[in-house]
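All chains are named by letter (A, B, ...) in the order of the sequence lines, taking the proteins before the strands, and each is independently numbered beginning at 1.
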2 protein chains.
Amino acid sequence: MTDLSPQNRKVLALLQAADKPLSAYDILAKLRRHGLRSPPTIYRALEQLMRCGLAHRLESLNAFVACQQHDGAHDHAGSFAICTQCGAVQEIEDPALLKTIKKLGAKFLAQMNKGVFELSGTCHACVGKRK
Amino acid sequence: MTDLSPQNRKVLALLQAADKPLSAYDILAKLRRHGLRSPPTIYRALEQLMRCGLAHRLESLNAFVACQQHDGAHDHAGSFAICTQCGAVQEIEDPALLKTIKKLGAKFLAQMNKGVFELSGTCHACVGKRK
DNA sequence: GGAGCGTATGTTATACTATAACACGCGTCA
DNA sequence: TGACGCGTGTTATAGTATAACATACGCTCC
Ligand SMILES: [Zn+2]
Ligand SMILES: [Zn+2]
Ligand SMILES: [Zn+2]
Ligand SMILES: [Zn+2]
């Protein structure tokens with residue numbers, strides 16, 4: 001399960017090294033020389049990383065980040081705060097939010113598969129250096 | 001402000017009549033005969049509708065829906081429950097959710113511009129007729 | 001060993017989503 | 001009248017994602 005192929009490991013390493021979310025084509029461009037040469041390869045790697053909970057997709061950016069919660073084991077929905085100024089992303093872990101998601105999921109859906117929660121704005125670091 | 005052009009009104013009417021979210025190209029296909037012939041036209045209409053709070057974008061589907069909360073005036077983030085079986089979308093209005101969004105926005109961002117909240121799964125109507 | 005099968009990988013082509021860039025017409029107002 | 005804003009129209013292109021098919025390797029079962 002956490003048995004990644006060398007290729008998937010390269011994609012994960014790239015995501016972990018990045019300080020911003022990367023699009024699939026960003027990843028493709030950076031890993032061309034390392035044997036990942038076509039979009040399906042990248043998307044397949046990302047798919048597996050997401051299955052394992054090692055990466056997340058940011059729906060509002062069409063981009064991907066490594067999971068920032070290193071425990072990995074527990075079921076976390078993937079919630080994010082995104083700075084539109086500097087691109088930084090912070091993964092939110094909040095019990096009240098999880099509870100709210102579960103509650104609303106139970107109310108509006110018979111079975112819930114996925115939850116997307118993304119906040120965009122200006123981060124604390126950036127608000128100072130606003131022009 | 002709520003002074004829509006005929007074109008924008010057509011797009012809004014189409015969204016309101018639909019029982020599922022529509023992609024920009026779905027809309028384009030259906031309105032070709034009515035004078036909306038190219039992608040930019042559609043995207044511009046959608047942009048204005050969203051500015052006025054009359055439509056929302058579903059980030060996880062790359063699709064659009066008419067706002068289901070007819071009051072319109074108040075500032076609502078746009079939160080949704082999506083059935084992946086039948087495509088139905090329900091707009092969620094929940095005070096606890098709004099409060100949580102505000103709280104987390106204040107905590108992780110200096111200024112919040114946008115919040116995305118989308119739940120996917122199987123709706124109550126569909127869970128019965130599961131094959 | 002070799003047939004059969006599953007999984008991973010590779011490649012080409014294409015579909016789908018979104019925007020850039022420029023052109024035009026039409027009201028308003030100095 | 002002419003400068004301007006604004007909505008609109010068109011072409012072309014950028015950016016995102018998947019279909020469909022081909023190949024290779026590691027198994028098991030006989
Ligand atoms: Zn995570
Ligand atoms: Zn920032
Ligand atoms: Zn709404
Ligand atoms: Zn349903």
Side-chain angles (χ1 to χ4, degrees), chain A residues 1-15 18 20-52 54-65 80 82 84 87 89 114 116 118 120, chain B residues 1-15 18 20-52 54-65 80 82 84 87 89 114 116 118 120:
Chain A
M1 190 195 196
T2 315
D3 184 12
L4 296 179
S5 74
Q7 312 219 7
N8 296 359
R9 211 178 303 276
K10 280 176 203 160
V11 173
L12 179 58
L14 186 63
L15 284 177
K20 297 196 298 187
L22 299 177
S23 79
Y25 283 75
D26 290 341
I27 296 170
L28 179 59
K30 299 200 180 186
L31 293 183
R32 269 245 154 72
R33 292 309 190 81
H34 297 265
L36 294 126
R37 276 183 281 266
S38 62
T41 309
I42 304 296
Y43 282 100
R44 285 195 275 237
L46 289 169
E47 188 184 2
Q48 178 167 2
L49 292 177
M50 289 190 290
R51 254 202 315 275
C52 299
L54 296 169
H56 299 288
R57 176 185 171 83
L58 296 175
E59 297 289 351
S60 59
L61 296 179
N62 293 333
F64 303 85
V65 289
F80 302 92
I82 302 165
T84 53
V89 168
K114 192 175 88 161
V116 174
E118 297 172 16
S120 298
Chain B
M1 192 193 194
T2 315
D3 184 13
L4 297 177
S5 75
Q7 312 220 8
N8 295 0
R9 210 179 303 277
K10 281 177 201 158
V11 172
L12 179 58
L14 187 62
L15 283 177
K20 298 194 299 189
L22 299 177
S23 80
Y25 283 77
D26 290 340
I27 296 170
L28 178 59
K30 299 200 182 188
L31 293 183
R32 269 244 153 75
R33 293 310 191 82
H34 297 265
L36 294 126
R37 276 185 282 268
S38 61
T41 308
I42 305 297
Y43 282 100
R44 286 194 276 236
L46 290 169
E47 188 184 0
Q48 178 169 2
L49 293 176
M50 288 190 290
R51 255 201 317 274
C52 300
L54 295 170
H56 299 288
R57 176 185 169 82
L58 296 174
E59 297 289 351
S60 59
L61 297 178
N62 294 334
F64 303 84
V65 289
F80 301 92
I82 302 164
T84 53
V89 168
K114 193 176 86 161
V116 173
E118 297 172 15
S120 298

I want to check one thing: is the phosphate of [N], taken as OP1 and OP2, less than 4.0 Å away from some side-chain N or O of [X]?
X	N	value
B:Y43	C:dA18	yes
A:N62	C:dT17	no
A:S23	D:dG15	no
B:S5	D:dT8	yes
A:R57	D:dT16	no
B:Q7	D:dG9	yes

Closest to the side chain of B:S38, out of D:dA17, C:dT12, D:dT10, is D:dT10
Both B:A63 and B:R44 contact DNA chain C. Which one's nearest nucleotide lies toward the 5' end? B:A63
What integer distance in Å separates [X]:[atom1] from [N]:[atom2]?
X	N	atom1	atom2	result
A:K10	C:dT9	NZ	P	11 Å
A:E47	D:dA17	CD	P	13 Å
B:L28	C:dA15	CG	P	16 Å
B:R37	D:dA12	CZ	P	16 Å
B:I42	D:dT8	CD1	C1'	12 Å
A:L46	D:dT18	CG	P	11 Å
A:L61	D:dA17	CG	P	11 Å
A:Y25	C:dA18	OH	P	15 Å

Polar side-chain atom of B:K10 near backbone of B:L31 as donor-acceptor pair, under 3.5 Å: no
Keeping A:E118 on the side-chain end and A:L58 on the backbone end, is there a donor-acceptor pair under 3.5 Å? no
Of all heavy-atom pairs between B:L12 and B:L54, which one has the smallest distance, and what is that distance? CD1-O, 3.8 Å
Toward the 5' end of DNA chain D, by each residue's nearest nucleotide, B:P39 or B:N8: B:N8
Within the structure provided, determine whether B:V65 and B:F80 are in side-chain contact (heavy-atom separation under 4.5 Å). yes
Kindly indicate whether the side chain of A:L28, heavy atoms from C-beta on, has any atom under 4.5 Å from the side chain of A:T41. no
